[in-house]
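Worksheet for the structure shown next.
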Amino acid sequence: MVYKMTGSAVLDGRVRGGKWTRRLLALLYVFILVENPLTRVFPFLSYFDEVFFIVVAFGALLKCRKGVSRDWLRLSVIVSTLCLVMGSIGLAGWVASGLQESIVAAFKDMIAFAKFPIGLTALVLLLDNVDEIVLKDCAKISRVFILLSLFCAIINLIYPVDFFSHDLRHGVQSFTFFYSHPTYLVFSIVLCFSLISREHERLGLYELACFAILILTMRDKAFGFIALAVFFSIVGIEKRNNLLLYLTVAAVGAMVVAWPKISLYISYPNSPREAMYSAALDLSIKFFPLGAGFASIASSVSGEYYSQAYFDYGIDKIPDMTPDNFSAMGDAGYAYYLGVFGLI
């Protein structure tokens, strides 16, 4: 019944606001918001990303059968081309470096890399013509989540609770709520912000509440998002003729925000992130203009199929980076892109 309902809705080019469809989408949205805490309780939910990607990609293909606008076709071609180019660069680096012997590992890492841009494009395509009432339902859920998060964040600020805190930064306990790491909370708050802010052009009280929660996570990526959100609110992101310029400014701003943190990690002696960034920078220079290729460094796949790079740079002796325990392998995003794709 649900399959017929959602399938016909996709094929019709719209996600209708039927009662059961609305409930299903609202439940899916709640699950996305709290996936990380649920995964800590139910480990099998860690495969949700892969299942969700397959479902969304399949739904987008079904919708394309009914035809899509020229703009969406152009966007799909651009994203697919970029993924193909980056994939080719990653594979070329893999061949040139020879640090990863397993071709299976290289393709697994390539798929993991392409999953996000392709999945995001497919999801946006599916939701392009979604009924307004469905988005309003998700916005209501977002407001409740924001208020609850803000209340707990204020309590944690006044009376720090170990369960809600992650670490001490600049004299402030970083707020993590019930997530395993503040980064996951940042993702959920940004998602809520995106749904609420689409209802009006100016920043409102709920958007400011999102900023307050993001600040209390004490994450640089949260500060960067706040700066970009304020910037786009001032200049008006809806002006598409200036969109490329704004995105360029956003990319430069992200690097400006991230670089002090990268420099700080590099200055740490014998820490996993320091080792990742140092090794990635050296690999990008060694195999210039390519990187070391897929599954070579800074990814869980490179730990599962243990890369020779870790032995070459002595990373295999660092806790949480050993062949038996590589839990910290995927904890340095910039190091991954620098090491895998190089300076290209």
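Keep in mind that this is a model prediction, so the values were computed, not measured. Atoms considered below: every heavy atom in the structure, side chains included; atoms not considered: hydrogens, waters and symmetry mates.
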Next on the checklist: According to a hydrophobic-cluster definition based on side-chain heavy atoms being under 4.5 Å apart (Ile, Leu, Val, Met, Phe, Trp, Tyr only), do Val30 and Val41 belong together?
Outcome noted: yes
Item to check | Heavy-atom pair of closest approach, residues Ile146 and Cys192 | outcome: CD1-CB, 3.9 Å
Checklist entry - Do the side chains of Phe42 and Phe31 join up, straight or via other hydrophobic residues, at under 4.5 Å, putting them in one cluster? => result yes
Checklist outcome for this item: Applying ring pair (Phe, Tyr, Trp, His ring centres under 6.0 Å) to Tyr310 and not counting sequence neighbours gives Tyr306
Checklist entry - How long is the span from the OG atom in Ser194 to the CG atom in Leu135, to the nearest 0.5 Å? => result 12.0 Å
Checklist entry - Who are the side chain to side chain contact (heavy atoms under 4.5 Å, CB included) partners of Glu304, not counting sequence neighbours? => result Lys108, Phe326
Next on the checklist: Would you compute the distance between atom CG of Leu208 and atom CD1 of Ile226 and round it to the nearest 0.5 angstrom?
Outcome noted: 10.0 Å
Checklist entry - How would you list, by chain and number, every residue that makes a side chain to side chain donor-acceptor pair (under 3.5 Å) with Asp316, sequence neighbours excluded? => result none
Checklist entry - If you count the non-hydrogen atoms of other residues, nucleotides and ligands that lie under 6.0 Å from CZ in Phe107, is the total more than 12? => result no
Checklist entry - Is the backbone N or O of Val77 less than 3.5 Å from a side-chain atom of Thr81, with the two atoms forming a donor-acceptor pair by type? => result yes
Checklist entry - Would you call Val34 and Phe178 a side-chain contact if the rule is heavy atoms closer than 4.5 Å? => result yes
Checklist entry - Quick one: does Ser284's side chain have a donor or acceptor within less than 3.5 Å of a partner on Gly342's backbone? => result no
Item to check | Candidate pair Met218 and Gln173, rule side chain to side chain contact (heavy atoms under 4.5 Å, CB included), full reasoning | outcome: CA-CA 8 Å; Met218 301 302 294; Gln173 286 287 348; over 6 Å; no
Checklist entry - So which heavy atom on Thr217 is nearest to which on Ser174, and how close? => result O-CB, 3.2 Å
Item to check | Intermediate values then yes/no, side chain to side chain contact (heavy atoms under 4.5 Å, CB included), Asp312 and Gln308 | outcome: CA-CA 6 Å; Asp312 293 347; Gln308 180 63 36; 2.9 Å; yes
Checklist entry - What class does the angle between the rings of Phe341 and Tyr336 fall in, given that below 30° is parallel, 30 to 60° is tilted and above 60° is perpendicular? => result perpendicular
Checklist entry - Has Ile285 got more than 12 heavy atoms of other residues, nucleotides or ligands less than 6.0 Å from its CD1? => result yes
Next on the checklist: Quick check against the 3.5 Å criterion: does Glu35 have a side-chain atom that pairs as donor or acceptor with the backbone of Ile32?
Outcome noted: no
Item to check | Nearest heavy-atom neighbours spanning Ala139 and Ile196 | outcome: O-CG1, 4.2 Å
Checklist entry - Are Leu195 and Ile141 side-chain neighbours, meaning at least one heavy-atom pair lies under 4.5 Å? => result no
Item to check | Set of residues satisfying side chain to side chain contact (heavy atoms under 4.5 Å, CB included) with respect to Phe116, sequence neighbours excluded | outcome: Leu120
Checklist entry - Is the Phe177 to Phe175 ring centre distance short of 6.0 Å? => result yes
Checklist entry - Would Val230 and Ile215 show up in the same hydrophobic cluster when neighbours are defined by side-chain heavy atoms closer than 4.5 Å? => result yes
Next on the checklist: Between Phe193 and Val144, is there shared hydrophobic-cluster membership here, with clusters defined by ILVMFWY side-chain heavy atoms closer than 4.5 Å?
Outcome noted: no
Item to check | Atom pair CG (Leu91) and CG (Leu290), whose distance is rounded to the nearest 0.5 Å | outcome: 11.0 Å
Item to check | Nearest atoms (heavy-atom pairs only) where Leu216 meets Leu157 | outcome: CD2-CD1, 4.0 Å
Checklist entry - With side chains defined as the heavy atoms from C-beta onward, is the minimum distance between Phe44 and Thr39 less than 4.5 Å? => result no
Next on the checklist: Taking the side chain as everything from C-beta on, heavy atoms only, tell me whether Ile118 gets closer than 4.5 Å to Cys83.
Outcome noted: yes
Checklist outcome for this item: When rounded to the nearest 0.5 Å, the distance separating CG of Asn156 from SG of Cys152 is 8.5 Å
Item to check | Where Tyr179 and Leu185 come nearest, the two heavy atoms and their spacing | outcome: CE1-CD1, 3.7 Å
Item to check | Straight-line distance of Phe294 CZ to Ile103 CD1, nearest 0.5 Å | outcome: 12.5 Å
Item to check | Same cluster (ILVMFWY, side-chain, under 4.5 Å), Val51 and Val56 | outcome: no
Checklist entry - For Thr322 and Lys317, what are the C-alpha separation, side-chain angles and deciding distance, and is it a side chain to side chain contact (heavy atoms under 4.5 Å, CB included)? => result CA-CA 6 Å; Thr322 65; Lys317 299 178 177 61; over 6 Å; no
Checklist outcome for this item: For Phe53, the ring pair (Phe, Tyr, Trp, His ring centres under 6.0 Å) test, sequence neighbours excluded, returns none
Checklist entry - Do Gln100 side-chain atoms and Tyr305 backbone N/O form a donor-acceptor pair below 3.5 Å? => result yes
Checklist entry - So, for Ser296 and Gly339, which heavy atoms are closest and what is the spacing to 0.1 Å? => result OG-O, 4.3 Å
Next on the checklist: Within the structure provided, determine whether Leu28 and Leu24 are in side-chain contact (heavy-atom separation under 4.5 Å).
Outcome noted: no
Next on the checklist: Any donor-acceptor pair under 3.5 Å linking the side-chain atoms of Tyr29 with those of Ser142?
Outcome noted: yes
Checklist entry - Quick one: ring pair (Phe, Tyr, Trp, His ring centres under 6.0 Å) partners of Phe145, sequence neighbours excluded? => result none
Checklist entry - Do the side chains of Leu99 and Leu283 get nearer than 4.5 Å, heavy atoms only? => result yes
Item to check | Distance flag, aromatic centroids of Phe225 and Phe187, threshold under 6.0 Å | outcome: no
Item to check | Reported NZ-to-CE distance for the pair Lys115 and Met110, which is rounded to 0.5 angstrom | outcome: 13.5 Å
Checklist entry - Checking Asn36 side chain against Ser180 main chain: does a donor-acceptor pair fall under 3.5 Å? => result yes
